[in-house]
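The block underneath contains the structure these notes are about, expressed in structure tokens.
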Amino acid sequence: MKQYSFASVDLIIDGLMIDGFQDSEDIISVGRAVPQHGKVMDARGKMVAISSADKSGFFTFNLLQTSDSNIALQTKALLTHDTGTSGGSDLFVPVQAMLNDKMGATICTGVNGILVMQPAVVRGTGLQTVTWTIEFEQVWMGRGVYGDTGI
């Protein structure tokens, strides 16, 4: 038998432990932005594999509107936008992120990221979900193994 619990998954952005996640089947997604390989076929039907050097990717995650992490991410989004439009490129600090699934020994790392767009503010009669997306220059995904428990 194998075991998994989201309680053993940490998302850390710029040293801040993110919390206040929406309870769902797909809370955090980490992936690459482009295919690693492509193909070109020659006139005689032989394939040539093309490998991309692009290792860019994304972290997308859902927080409840009540999560304090929304304030920290909003502050980061505003600061990087203001810095980016001020002409002081030496002051711009990209986002760094890590997803750590301690039960499955899975670690995903986002290197040199940007908050492309602030999520919309939505209010209604229920509790809303805020979806954050950070795009990175490089995303590294190390999938671990969920060990067997029991006899």
From CA spacing to verdict: side-chain contact (heavy atoms from CB on, under 4.5 Å), Asp148, Met1: CA-CA 5 Å; Asp148 288 322; Met1 150 175 142; over 6 Å; no
CA sep, side-chain torsions, deciding dist, call: Gln118, Leu78, side-chain contact (heavy atoms from CB on, under 4.5 Å): CA-CA 9 Å; Gln118 299 173 44; Leu78 291 170; 3.5 Å; yes
CA sep, side-chain torsions, deciding dist, call: Thr80, Ile114, side-chain contact (heavy atoms from CB on, under 4.5 Å): CA-CA 8 Å; Thr80 57; Ile114 55 173; over 6 Å; no
Return all side-chain donor-acceptor pairs below 3.5 angstrom for residues 137-147, not counting sequence neighbours, or 'none' if the list is empty.
from: Glu137; atom 1: OE1; to: Asn112; atom 2: ND2; distance (Å): 2.8
from: Gln138; atom 1: OE1; to: Trp140; atom 2: NE1; distance (Å): 2.9
from: Tyr146; atom 1: OH; to: Asp101; atom 2: OD2; distance (Å): 2.1

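By the criterion of side-chain heavy atoms lying less than 4.5 angstrom apart, applied directly or through intervening Ile, Leu, Val, Met, Phe, Trp or Tyr residues, Leu79 is not grouped with Val95; the two fall into different hydrophobic clusters. Residues Phe21 and Leu99 share a single hydrophobic cluster, defined by chaining ILVMFWY side chains whose heavy atoms lie under 4.5 Å apart. Cluster annotation: Met117 is not connected to Trp132 through the hydrophobic network of ILVMFWY side chains, with a link wherever side-chain heavy atoms come within less than 4.5 Å.
We find the CG-CG distance between Leu63 and Leu11 to be 8.5 Å, quoted to the nearest 0.5 Å. Note that OG of Ser69 is 8.0 Å distant from CD1 of Ile13, once rounded to the nearest 0.5 Å. One distance of note links CZ of Arg32 with OG of Ser52; it measures 9.0 Å at 0.5 Å rounding. To the nearest 0.5 Å, the span separating CG on Leu115 from NE2 on His81 amounts to 11.5 Å.
Cluster note: Ile12 groups with Met17, Met98, Ile107 through ILVMFWY side-chain heavy atoms spaced under 4.5 Å, whether in direct contact or through intervening members.
When side chains are defined from C-beta on, Phe136 does not count as touching Thr109, because their heavy atoms never get closer than 4.5 Å. You'll find the side chain of Phe61 reaches within 4.5 Å of the side chain of Leu73, heavy atoms only. Considering only heavy atoms from C-beta on, Val9 stays 4.5 Å or farther from Ile27 through its side chain. Two residues are said to be in side-chain contact when any heavy atoms from C-beta on lie closer than 4.5 Å; Ile50 and His37 fail this criterion. Inter-residue side-chain proximity for Thr131 and Thr60 is flagged as met; some heavy-atom pair is nearer than 4.5 Å. Using a 4.5 Å heavy-atom threshold, the side chains of Ile18 and Phe59 count as separate. When side chains are defined from C-beta on, Lys39 does not count as touching Val48, because their heavy atoms never get closer than 4.5 Å.
With hydrogens and angles disregarded, no donor-acceptor distance shorter than 3.5 Å links the side chain of Gln36 to the backbone of Val34. When atom types are taken as modelled, the side chain of Asp19 and the backbone of Ser67 share no donor-acceptor pair closer than 3.5 angstrom.
The two atoms that bring Ala72 and Leu16 nearest to each other are CB-CD2, 3.3 Å, heavy atoms only. For the residue pair Met103 and Ser5, the shortest heavy atom distance occurs at SD-N, 3.2 Å. Between Val111 and Gln96, the shortest heavy-atom distance links the atoms CA-OE1, 3.4 Å. Across all their heavy atoms, Asn62 and Asp26 have their closest contact at ND2-O, 3.6 Å.
For residues 60-82, the pairs satisfying salt bridge (Lys or Arg N to Asp or Glu O under 4.0 Å) are Asp14-Lys76, with sequence neighbours left out.
No more than 12 heavy atoms of other residues, nucleotides or ligands shown are found within 6.0 angstrom of CG on Asp23.
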